[in-house]
Colleague: 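Supplied in structure tokens, the structure appears directly below.
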Amino acid sequence: MDATALWQRYQDWLYYHEGLGFYLDISRMRFDDAFVESLQPKFDKAFTDMAELEKGAIANPDENRMVGHYWLRNHTLAPTPELQDEIVNTLEQIEVFAEKVKTGGIHPPRAQRFTDIISIGIGGSALGPEFVAEALAPDFPPLKIHFIDNSDPAGIDRILTHLRNSLASTLVLVISKSGGTPEPRNGMIEVKKAYAGQNLDFANYAVAITSADSNLDKLAKSEGWMATFPMYDWVGGRTSELSAVGLVPAALQDIDVQKMLEGAKEMDDATRINDIKKNPAALLALSWYYAGNGRGEKDMVVLPYKDSLCLFSRYLQQLVMESLGKEKDLDGKTVYQGIAVYGNKGSTDQHAYVQQLREGVANFFATFIEVLEDRNGVSPEIDPGVTSGDYLSGFLQGTRQALYDNHRDSITVTIPQVNPRTVGALIALYERAVGFYGNLVNINAYHQPGVEAGKKAAATILDLQKQVVEVLQTEKTPLSLQEIAEKANASDQIEPIYKIVRHLAANQRGVVLDGHPGEPGSLKVSLS
Ligand SMILES: O=P(O)(O)OC[C@H]1O[C@H](O)[C@H](O)[C@@H](O)[C@@H]1O
């Protein structure tokens with residue numbers, strides 16, 4: 001296509017949202033009108049199903065749940081007055097609580113103010129808050145946030161060491177929808193021990209965000225934690241950023257949560273229009289479908305050209321891959337759906353992996369996220385008449401062009417500024433696009449059955465570890481791995497047993513390995 005035709009295509013397909021100053025450009029996706037027409041019936045169904053979902057249909061049939069994250073930013077849409085009240089009341093409670101904490105109305109026993117937050121959570125209970133903190137927290141927030149989002153002891157130590165002199169003014173958010181996920185539970189127990197180690201009563205510092213009656217909820221209530229905020233069964237973890245999960249940490253950092261909700265609501269309104277060309281989420285879903293033939297044949301590379309948005313791709317990884325990565329479709333047919341997502345930020349990635357994108361295997365499409373405002377204020381000149389922002393903008397245009405010239409498609413999302421409204425809008429845009437795409441390919445985008453397999457396998461390993469230690473305690477003489485396996489009634493588990501004892505031996509847990517480390521079969525295992 002020559003430059004004139006491309007410019008025309010750009011104008012024909014450009015979506016612009018006036019209220020948000022938001023642009024979506026899918027002109028560099030090479031679909032034609034016949035393709036769009038061919039998807040129209042699927043979109044008609046997607047629009048109808050989405051409307052039903054918003055009215056409270058059981059859109060997550062496997063878990064028999066409604067899917068209501070859109071109600072969070074427009075409570076009048078929630079299907080019952082009780083739900084509507086709950087949404088309004090929770091938001092009010094969050095704002096009142098955050099204001100009191102920030103102004104010292106609520107303060108820790110031995111300090112005038114809280115200065116820091118440790119936020120403990122994983123997956124949907126971490127990625128949104130992490131993304132938003134990076135994107136929107138002021139340079140000097142009233143409370144500085146630190147995340148424990150894993151069961152990595154060294155990672156936990158790092159945070160606790162940084163905060164060892166300010167634990168007495170650190171508020172702890174424990175975020176878990178189910179209230180039973182092992183990683184946040186481990187983090188919470190370790191953090192609690194650190195407080196006890198400084199003679200601080202954890203309950204005076206801890207806040208739970210979880211579902212009613214979960215184990216975490218019960219614990220928080222029985223120990224009299226500072227506060228508890230609800231997670232609803234109709235909000236999935238990966239779409240929970242605009243529930244208490246994301247709003248409590250955001251409000252505590254002085255991020256305008258009302259503006260985030262406002263931006264999301266405006267985008268929700270825009271993505272409720274039943275016309276592909278006038279609906280930015282539909283345009284995204286259409287582009288994804290085109291790129292990967294509706295089978296996820298191409299990966300989504302997300303390239304925000306703005307440092308503060310660098311966690312957007314990680315956030316989207318869960319939203320897209322956990323929602324769309326499914327073995328079965330809604331009819332029970334094996335389909336192995338999904339779209340792989342990765343990315344970091346431009347122009348940094350141009351010096352890392354863009355080489356492969358430009359010239360290597362063409363198994364992706366790019367999404368550029370462009371921010372029009374370079375910085376708050378005037379930029380110095382780097383060269384006569386040129387700023388670093390001009391460079392960044394040029395790099396984006398250049399990479400987009402270079403990819404296109406080599407038959408690599410791309411989408412460009414443009415926002416005027418990184419602010420609470422535009423971040424809320426981006427979250428809402430991708431939530432809806434994922435919902436539409438799930439519908440186009442006929443999968444349940446709101447459950448995650450595959451995650452359970454890994455969790456169960458991990459639990460089995462921990463049980464096996466207990467058995468192994470019991471065997472070693474009973475026997476008292478060095479044993480081969482084979483002997484341990486037999487005595488533990490786990491003859492088919494020699495390799496996991498080897499890994500368990502190797503791990504225990506590496507961590508001062510009283511297990512000793514004799515023999516050559518490179519020949520595991522020769523090892524003798526005993527207790528020290
Ligand atoms: O918030 P939680 O219940 O602790 O869950 C945290 C995360 O755990 C999982 O395993 C799910 O796959 C995620 O969707 C979820 O966000």
Side-chain angles (χ1 to χ4, degrees), residues 59-60 62-63 65-69 72 90 118-132 147-152 155-156 172-192 206-220 225 228-250 311 314-327 337-341 427 430-431 434-435 438 443-462:
N60 180 358
D62 291 29
E63 296 176 355
R65 285 179 181 165
M66 299 188 287
V67 174
H69 49 270
L72 295 168
T90 304
I118 299 179
S119 183
I120 307 174
I122 198 163
S125 295
L127 289 160
E130 286 171 336
F131 161 51
V132 166
F147 291 97
I148 293 180
D149 65 357
N150 199 355
S151 188
D152 172 15
I156 297 172
V172 181
L173 296 176
V174 185
I175 312 180
S176 176
K177 178 180 172 185
S178 62
T181 308
E183 291 92 335
R185 182 175 163 271
N186 298 352
M188 189 245 323
I189 291 173
E190 288 216 10
V191 169
K192 201 170 174 182
V207 174
I209 302 173
T210 188
S211 304
D213 295 328
S214 72
N215 286 342
L216 174 58
D217 189 40
K218 287 181 193 148
L219 180 77
W225 290 16
T228 303
F229 294 97
M231 249 306 248
Y232 311 112
D233 114 290
W234 41 268
V235 176
R238 54 188 174 274
T239 52
S240 65
E241 176 48 31
L242 296 172
S243 74
V245 168
L247 297 185
V248 173
L311 295 182
R314 263 180 77 196
Y315 168 80
L316 287 183
Q317 221 161 34
Q318 186 200 19
L319 177 63
V320 175
M321 296 177 74
E322 201 165 69
S323 301
L324 303 180
K326 300 292 153 71
E327 180 175 347
Q337 274 292 354
I339 302 179
V341 179
I427 290 170
Y430 276 84
E431 284 177 350
V434 164
I443 50 114
N444 178 353
Y446 307 105
H447 67 169
Q448 53 286 330
V451 177
E452 294 309 312
K455 285 188 192 166
K456 282 192 189 129
T460 312
I461 295 289
L462 290 172

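Note that ligands are numbered from 1 as they come in the structure, with each ligand's atoms numbered from 1 the same way.
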Colleague: Taking both backbone and side-chain atoms of Gly124, is any N or O found less than 3.5 Å from an N or O belonging to ligand 1?
Modeller: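 In this structure, Gly124 places an N or O atom under 3.5 Å from an N or O of ligand 1.
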
Colleague: I'd like to check which ligand 1 atoms, numbered from 1 as shown, lie under 4.0 Å from a non-hydrogen atom of Val451.
Modeller: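 Answer, ordered by atom number: 10 (O), 12 (O).
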
Colleague: Salt bridge (Lys or Arg N to Asp or Glu O under 4.0 Å) between Glu130 and Arg314: does it pass, once the steps are laid out?
Modeller: CA-CA 10 Å; Glu130 286 171 336; Arg314 263 180 77 196; 3.7 Å; yes

Colleague: Using a 4.0 Å cutoff against the non-hydrogen atoms of Ser176, which atoms of ligand 1 qualify?
Modeller: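 Heavy-atom distances to Ser176 below 4.0 Å select 1 (O), 2 (P), 3 (O), 4 (O).
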
Colleague: Take every heavy atom of Met231, measure it against each atom of ligand 1, and state whether any distance is under 4.0 Å.
Modeller: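 Met231 does not count as a contact of ligand 1 under the 4.0 Å cut-off.
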
Colleague: Which atoms of ligand 1 have any heavy atom of Ile122 under 4.0 Å away?
Modeller: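 Matching atoms, with element in brackets: 6 (C), 7 (C).
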
Colleague: Closer than 4.0 Å to some heavy atom of Lys455 - which atoms of ligand 1 meet that?
Modeller: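 Going through ligand 1 atom by atom, the ones under 4.0 Å from Lys455 are 9 (C), 10 (O).
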
Colleague: What atoms in ligand 1 come closer than 4.0 Å to a heavy atom of Thr181?
Modeller: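 Close to Thr181: 2 (P), 3 (O), 4 (O), 5 (O).
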
Colleague: Using a 4.0 Å heavy-atom cut-off, say whether Lys177 meets ligand 1 through its side chain, its backbone, both or neither.
Modeller: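 Within the 4.0 Å criterion, Lys177 contacts ligand 1 through backbone and side-chain atoms alike.
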
Colleague: Can you sort out which atoms of ligand 1 are near Glu322, meaning under 4.0 Å from one of its heavy atoms?
Modeller: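 By the 4.0 Å cutoff, the relevant atoms are 11 (C), 12 (O), 13 (C), 14 (O).
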
Colleague: At a 4.0 Å cut-off, with the gap strictly under it, does some heavy atom of Glu452 reach an atom of ligand 1?
Modeller: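 The answer is no: ligand 1 sits nowhere under 4.0 Å from a heavy atom of Glu452.
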
Colleague: Using the test ring pair (Phe, Tyr, Trp, His ring centres under 6.0 Å), find all partners of Phe229 that sit at least two apart in sequence or belong to another chain.
Modeller: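 Once residues adjacent in sequence are excluded, the partners of Phe229 under the ring pair (Phe, Tyr, Trp, His ring centres under 6.0 Å) criterion are Phe97.
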
Colleague: Do Lys177 and Val245 come within less than 4.5 Å of each other through their side chains, counting heavy atoms only?
Modeller: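 Of all side-chain heavy-atom pairs linking Val245 with Lys177, none is under 4.5 Å.
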
